[in-house]
Amino acid sequence: MLEKPTAQVKTPAGGSGVGISDILRNWSVPIFFLVISIAGIIAARLDINYLVNEVVGRFGRNAFLVISLIIPVMAGLGLNFGIVVGAMAGQTALVIVTHYQVEGLAGFALAAVISVPIAMLLGLLVGKVLNRAKGREMVTSMIMGYFANGIYQLVFLVLLGTLIPMKDPVLMLGSGIGLRNTIDLIGLSYSLDRAMDWLWNGFVFTSVGAARLGPWRFPLCTLFIIGILCVLTTFITRTKLGQEMRAVGQDMHIAQVAGINVDRTRIIAIMMSTVLAAWGQLIFLQNLGTFNTYSSHEQVGMFSVAAILVGGATTRRATIWNAIVGTLLFHTLFVVSPLAGQRLFGVSQVGEYFRSFLAYGVIAVALALHAWQGRSSKQSK
Amino acid sequence: MSDKLRNAYEQLGLPRLIIIVFLLVLFAVAVIMRMDLAILIKDSITRIGMNGILVLAMLPTLACGVGLNFGLPVGVIAGIVGAVTSMNWGLKGFAGFFTAMVIAIPLAVIAGYLYAMLLERVQGQEMMVGTYVGFSVVSGMCMFWLLAPYRNPAMIFALGGKGLRTTITLDRTFGKVLNDFLGFSVFDIYIPTGLLLFMGIFFVLIALFFKSKAGLAMRTVGSNPMYARSSGINVQRMRTMGVILSTVLAAIGILVYSQSYGFVQLYTAPLTAAFPAVASVLIGGASLRKATIGHAIIGTVLFHTLLTIALPVTQTVLQGADISEIARTIMSNGMIIYALTRAERR
Amino acid sequence: MRNGHVLELKGISKGFFGTTVLKGVSLDIRPGEIHALVGENGAGKSTLMNILFGMQVIQDTGGFEGQVVVDGQAVTIDSPRRAMELGIGMVHQEFMLIPGFTVSENIKLNREPTRGNLASRIFGHRLETLDEPLMQADSRMALGKLALSIDEMALVGGMPVGHMQFVEIAREIDKKNVRLLVFDEPTAVLAESEASLLLDAMKRLSSEGIAILFITHRLDEVMEVADNITILRDGEVVSRMPRSEAKLGRIAELMVGRKIERPVLPPRKSEPSDEDMVLRIENFRVDMPGERVRGLDLSVRRGEILGIGGLAGHGKVGIANGVIGLYPSTGRVAKDGSQIPLNDPKQALLSGMAFVSEDRRGVGLLLDESIEMNIILTAMQVQGKFLRPGALQSLRLEDRSAMREHALEVMRDLDIRCTGPTQLVRRLSGGNQQKVCLGRAFTMEPEVLWVSEPTRGIDVGAKQLVLDLLVKFNREHGMTIVMTSSELAELRKICDRIAIVYRGQIAGILPPDAPDVDFGLIMAGKGAALEEVS
């Protein structure tokens with residue numbers, strides 16, 4: 001029960017199919033991946049307890065990022081590969097907090113606060129660019145991610161210590177210019193994941209270190225926060241703003257005629273997504289306890305997008321359930337495939353390549369399927 | 001006079017102006033720092049020759065309206081399969097190179113055809129789908145490289161290995177066959193005649209193609225599909241042909257690139273193959289609606305000269321800090337964003 | 001409400017780039033009145049509506065003269081929003097509905113009732129929660145006024161067209177203080193039964209005191225519901241009358257009537273006749289959105305200029321597009337007795353036909369290519385002209401000098417004003433662009449030339465030139481021409497016969513000198529009435 005604190009959340013757009021055929025149609029993609037996962041688990045002869053621990057841990061690490069994709073889909077911007085930019089905002093905040101050595105939950109909270117204005121500003125810029133590339137938002141947001149990565153490197157590798165005065169022998173390279181390749185977040189490690197463990201442990205169990213349920217550990221507080229996010233996202237869809245976003249997402253022209261400021265609504269959607277992505281990256285990194293300054297953010301967009309697509313989302317429709325189911329399935333596959341590759345081919349690398357093939361392939365197939373359906377429905381009109 | 005200046009400026013466009021100025025600054029710095037200009041120029045020429053055909057591969061898809069071919073890795077992979085197979089047979093020199101081409105081209109035609117069928121069904125999202133099709137083909141092929149039945153010991157992992165190496169040297173097969181063909185030096189600058197000649201032939205052939213009946217039909221499909229239809233042109237067939245042509249050029253392009261580089265790079269290396277080519281043709285002045293041979297030439301020269309000399313120059317100036325990679329990322333992606341956000345006239 | 005009028009338009013005049021579109025138009029409407037505004041395409045109805053709704057395009061083109069008076073007070077309407085505030089609503093011809101939204105979400109779009117909450121107190125009103133029960137209640141009420149039971153929770157996508165129309169109306173009457181509703185050809189997309197439901201709803205609304213301005217082509221509907229009728233022609237009010245004094249035939253005559261001076265056209269050696277038909281079209285259906293052709297039969301005499309007229313939406317434009325193969329079609333088209341394969345432009349062109357599209361910039365031209373290329377490309381692709389010899393047909397190279405020579409010849413013959421054959425077509429004026437389109441078709445040396453709306457969007461002088469060119473093609477080269485046009489006047493100037501299309505079929509074929517009233521009645525679907533008269 002506690003793995004899914006969001007059981008009550010229902011999305012308004014999800015026409016609740018009742019019959020088995022409806023379920024099959026709406027959830028065909030996740031069911032397909034569920035079958036693959038189970039086949040992989042059997043092939044790899046995995047220990048179920050190990051698997052559950054891994055997947056729950058990865059779910060806590062990634063779900064927030066995946067959920068941050070929902071709002072732009074609602075506003076018709078497609079899958080926001082630009083959450084990479086949000087991740088960079090989060091990392092910038094982490095660098096600042098680490099530099100000033102604020103630790104524990106306070107450090108995490110401070111990073112969350114600092115990341116907001118940065119992410120809002122970057123989101124505003126991304127939103128403005130995407131408004132100039134209507135109809136090509138996804139490819140543009142993807143390239144924006146790459147572009148921002150260049151700027152990010154420029155700032156943290158070249159400008160820091162030269163134009164931006166900073167001295168920190170722990171964080172920075174020996175030359176005094178630029179950050180080191182990895183930054184240790186020892187003070188922030190698990191700061192959120194374990195923030196509420198005293199509740200669980202105090203009331204139920206006595207063991208110290210992590211919330212446990214039988215043989216399984218879980219990041220109690222993070223799951224709680226994810227639950228809150230789910231409620232908030234649902235709340236947004238029920239507000240005036242959410243209604244405007246849905247209208248813009250369905251038909252920009254009609255929304256405009258009805259007096260909705262289309263460009264502004266789209267920018268707000270991107271800004272929200274970027275801020276959420278920044279927080280998502282903070283959660284991700286506090287769980288890992290260390291981060292690669294120049295690469296931790298790079299694949300955030302792609303993996304999150306792949307996860308929500310595995311959950312059955314499309315570029316025009318994504319629900320919280322798509323995000324949750326998708327994250328669970330995608331990361332099950334992530335854990336299973338190298339081991340299955342090892343068993344089946346004797347080469348674990350095969351599984352690793354299969355993993356990235358899976359991520360890319362899922363996105364390619366989902367995008368193609370959707371563009372295909374979009375066209376055929378247009379033609380039949 | 002000022003009219004002429006303005007005209008020249010409009011012809012050139014702001015992005016190209018910035019890049020040319022940047023290039024001139026780099027050269028000036030190189031002169032001031034007393035760097036060896038001959039080496040810089042020689043490297044630039046070689047880089048241009050290596051990449052020319054890959055950039056050229058962008059033209060057919062732009063011309064027929066499919067857009068930037070982010071799925072270039074599809075063709076690149078076909079080329080690499082050709083190269084690896086030819087090497088597996090131990091063929092040397094031109095025999096090896098041309099055998100690689102003979103294997104690669106039909107593969108590229110088939111792959112290009114399938115890829116075109118897919119793109120035809122996803123009109124409007126070609127670039128996004130293309131990118132991820134490219135990515136998945138590359139990662140799918142990673143498994144192939146591991147498991148494929150190639151047995152030539154020069155190519156497989158040395159240590160009890162299964163699967164091909166990440167980079168395979170072409171030293172003993174067809175490394176530099178084009179570069180060294182009729183090569184000569186002037187003022188200490190080595191001219192890779194064969195490489196430039198080979199590239200030149202392809203540029204001329206494509207230029208001629210766009211003046212032929214089929215080439216004009218392709219351009220028409222790109223600039224106004226309805227006009228094309230009302231002129232009795234089969235729009236879908238032209239788009240398919242454009243994608244296949246682009247894929248074949250990519251396959252040939254990577255062979256030329258590899259022989260000059262001296263290595264074939266497998267596994268994840270082709271993932272990003274499309275981006276420099278895309279950036280080059282855009283820097284050359286192409287837009288999503290219009291691209292010419294001239295754009296490809298100017299773009300290749302500007303972008304690859306820049307990449308070649310930026311690294312040594314910045315390294316000399318900044319004592320070690322490598323900003324060339326950063327500059328490349330910012331510049332090429334910035335250029336793509338610029339192209340994607342430019343308003344389309346109608 | 002000094003004089004009891006909801007709306008008065010006083011002496012409205014408007015010009016676009018020197019052409020007068022409206023000349024001193026006046027109109028007044030009382031509460032509860034249904035006022036019909038009738039007129040041909042291009043009579044100025046849509047411009048008048050754009051003025052009434054303060055559309056941007058009016059301000060961008062220099063505003064207008066005259067006065068708009070609402071409730072006895074002169075007002076300035078500078079935006080659609082302002083019109084809405086004044087209580088003027090519009091039922092659009094194409095629906096402004098979001099298919100993925102429910103009926104009530106559409107009715108309340110951007111006017112949703114909301115309730116405050118914690119978040120909205122901090123972040124502003126945009127985060128207020130939607131009051132869904134209230135939305136539904138309001139929607140039910142608005143739909144109730146139309147006496148229609150539509151489930152307000154149903155999605156709009158997939159509803160029958162008639163229901164969508166009612167949702168659209170419900171949205172307008174749900175707006176507070178709505179006093180005047182404009183219906184812009186509301187029945188054009190409806191089936192007969194749906195249309196009569198709509199007319200009933202209009203009557204019901206008017207009985208509640210809402211004034212209705214009813215723009216339509218369908219004269220029988222005007223006769224059924226309107227209290228007063230204003231007839232607009234060429235931007236002027238030619239007549240206004242209460243319904244009691246109106247007669248169908250009279251309205252039709254006023255709508256199209258004008259003095260036409262048919263120029264003396266050059267004679268032919270032999271006049272075309274029914275003995276020698278070049279083209280036979282049978283049971284022809286074309287699926288062109290908005291211009292469907294539904295089972296049409298038509299024969300074209302060799303050597304004639306055949307005009308095709310009719311009101312917008314009845315399918316006259318679909319015929320040429322279907323024959324050439326640009327839109328999916330079924331039926332039988334035979335030229336000189338041999339059947340032409342449908343849905344294949346290449347075969348249609350090879351059979352000796354050519355087409356000048358009504359969509360000049362969309363279909364007719366390559367805007368960013370040279371004049372030369374625009375002129376020769378179709379002939380090159382279809383007939384293999386202007387190519388140098390070569391083994392493989394598709395790889396033969398262009399023959400620059402032949403292209404240039406021909407382009408110069410066409411430019412001289414058609415008097416295309418430009419800087420040279422390499423000028424980009426985008427830079428040409430509308431009239432010269434149209435000449436390039438004609439040159440493109442002419443280069444094909446067709447036996448039958450289909451021309452759609454050849455004078456649309458070009459200035460007056462150029463219009464005459466284009467018509468002269470068509471006559472020249474016909475007389476000097478013996479080209480059979482089928483010309484589709486919304487301007488009856490120009491059809492009557494140069495055509496030998498004029499076929500009028502009504503609801504996707506030929507309603508009648510008239511000589512160009514037939515009386516105005518006949519044209520008007522056939523266009524309005526009253527061909528039967530015509531027979532009674534005669």
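Small disclaimer: the values here were computed from a predicted structure and weren't measured.
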### Query
How long is the gap from CD1 on I151(A) to OG1 on T329(B), to the nearest 0.5 Å?
10.0 Å

### Query
Quick check: are there more than 12 heavy atoms from other residues, nucleotides or ligands sitting under 6.0 Å from CZ of F32(A)?
no

### Query
Any chance the rings of Y132(B) and F81(A) have centres within less than 6.0 Å?
yes

### Query
In terms of heavy-atom pairs under 4.5 Å with chain A, which of V133(B), L146(B), V129(B) leads?
L146(B)

### Message
Do F147(A) and I330(B) have side chains that approach each other closer than 4.5 Å (heavy atoms only, starting at C-beta)?
### Response
yes

#### Entry: Within 6.0 Å of OH in Y294(A), more than 12 heavy atoms from elsewhere
yes

### Message
With rounding to the nearest 0.5 angstrom, report the CG to CD1 distance, L157(A) to I326(B).
### Response
4.5 Å

### Residue part contacting chain B, namely of M142(A), when any heavy atom lies under 4.5 Å
side chain

### Query
When the ring planes of Y146(A) and F275(B) are compared, do they come out parallel, tilted or perpendicular, using 30° and 60° as the limits?
perpendicular

### Task
Examine whether an atom of L271(B) lies under 4.5 Å from a heavy atom of chain A, and if so say whether it belongs to the side chain, the backbone or both; otherwise answer neither.
side chain

### Message
Is L340(B) in contact with chain A via its backbone, its side chain, both, or neither, using a 4.5 Å heavy-atom distance?
### Response
both

### Query
What is the distance from atom CE of M128(B) to atom OG1 of T315(A), rounded to the nearest 0.5 Å?
10.0 Å

### Query
Of the listed residues (L154(A), I177(A), N149(A)), which shares the most heavy-atom pairs with chain B below a 4.5 Å separation?
L154(A)

### Value rounded to 0.5 Å, distance of CE in M127(B) from OG1 in T140(A)
7.0 Å

### Message
Please evaluate residues Y353(A) and Y267(B) with respect to the criterion side-chain contact (heavy atoms from CB on, under 4.5 Å), reporting the C-alpha separation (whole Å), side-chain torsions for both, the decisive distance (0.1 Å), and the verdict.
### Response
CA-CA 9 Å; Y353(A) 288 130; Y267(B) 298 97; 3.4 Å; yes

### Query
Mind checking whether I143(A) and F70(B) have side chains closer than 4.5 Å, heavy atoms only?
yes

### Task
Starting at CD of E126(B), measure out to CZ of R136(A) and round the result to the nearest 0.5 Å.
11.0 Å

### Query
Going through the distances and angles, do V138(B) and F357(A) end up as a side-chain contact (heavy atoms from CB on, under 4.5 Å)?
CA-CA 8 Å; V138(B) 170; F357(A) 173 64; over 6 Å; no

